[in-house]
Amino acid sequence: MRTIDWVDGAIELVDQTLLPDKCLVLRIHTVHELVDAIRRLAVRGAPALGVAGALGVVLADGDPAQIAELRSARPTAVNLAWGVDQAVAHLHEGREAVLAAALRVRDDDIAACRAMGERGADLLEGDRLRIMTVCNSGGLAAVERGTALGVVQTLHERGRLAEVLVLETRPLLQGARLTTWELARMEAPHRLIADSAGPYLLAKGEVDAVLIGADRIAANGDTANKIGSYALALGAERAGVPFVVVAPESTIDSRTPTGDHIEIEDRGADEIVAVRGVRLAPEGTRALNPAFDVTPHDLITAIVTERRVIRP
Ligand SMILES: CSC[C@H]1O[C@H](OP(=O)(O)O)[C@H](O)[C@@H]1O
């Protein structure tokens, strides 16, 4: 199953807001529809956003305003802007050249995720590994297989996976809804945990490695990823557990010097005070909702890409 693709002249993507209850494929014909899908996380995850950005330029038909709106639909994952730029670079050659460039972004992502899975599995030592992860970094965050969860899938295929401990990942529950759905489909053993249980289980010696994706990696190795990643990095460091970031080269942003320079998306109070429209907090409760945090490079054991292992 591909999370996002170009089919018969339109973008097709799985509407992830409906998972795990319903697997519905949307056909996207305009930039407006695509921007809406990105902003409500129907399509999400840095590599998938890169492919969405590139394919979206085909729908824009060269309109600079639409391209600008697409490029800035979500600020933290560098891949969105990077994907748009990969396609925009061919605008002067005409629509077919733009589409060919966008399809290369798609195909390169498929190859990169498979390569990251192999490289990450080769890096980790041990035959019955207990892996902890936050958010969703599987095929739903890419075109196929994914990044950190792609390593988990390769470990499972090699018979080296004991279990995955999945943080539910408040507030949008990408772990509880998406990662569990993907792990069940690959028949990988897993248990769901509350976000705040992560550091405790690390301290208890229940985890052999933490694997996470990334939305933007600064030039010095500081890494932005889903909120909750930093807490896991602190817990992993104290517990002496490897903390490994898995991301394609396109997520490394050499123009952003450090994590302090990464824009962290603020997704507003509604996602915090309610879940799927059911209010949790008293009416009028104010909230803070940073969608990502930044893990300093000195808390990261290694960054695995499709081409290399980087030790910050
Ligand atoms: C494989 S990168 C996926 C990355 O994106 C997620 O954020 P969101 O669900 O808001 O797009 C999260 O940070 C994942 O690690």
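Whatever order the structure lists ligands and atoms in, that order sets their numbers, starting from 1.
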>> Under the salt bridge (Lys or Arg N to Asp or Glu O under 4.0 Å) test against E265, which residue among K226, R74, R216 passes?
In response: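 Answer to the salt bridge (Lys or Arg N to Asp or Glu O under 4.0 Å) test with E265 among K226, R74, R216: R74.
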
>> Could you work out, with salt bridge (charged side-chain N to carboxylate O under 4.0 Å, His left out) as the rule, every residue matching D298, not counting sequence neighbours?
In response: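 Residues passing salt bridge (charged side-chain N to carboxylate O under 4.0 Å, His left out) with D298: none at all.
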
> Counting only heavy atoms not in R114, do more than 12 sit closer than 6.0 Å to its CZ atom?
Replying inline: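 Check fails, neighbour count at 12 or below.
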
> Near L280 CG, under 6.0 Å, is it more than 12 heavy atoms from other residues, nucleotides or ligands?
Replying inline: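 It does: L280 CG has more than 12 such atoms within range.
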
>> Counting only heavy atoms and a distance below 4.0 Å, can you name the residues contacting ligand 1?
In response: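 Lining ligand 1: L41, R44, G45, A46, P47, R74, C135, N136, S137, A141, T147, Q174, G213, A214, D215, N225, K226, F292.
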
> Hydrophobic clusters join Ile, Leu, Val, Met, Phe, Trp and Tyr when side-chain heavy atoms are under 4.5 Å apart, directly or via other members; which others share one with F292?
Replying inline: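 Under the 4.5 Å side-chain rule, F292 groups with I262, I264, V294.
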
>> Show every salt bridge (Lys or Arg N to Asp or Glu O under 4.0 Å) that has at least one partner inside residues 16-33, sequence neighbours left out.
In response: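 Checked against salt bridge (Lys or Arg N to Asp or Glu O under 4.0 Å) - neighbours excluded - the pairs reaching residues 16-33 are E12-R27, D21-R276.
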
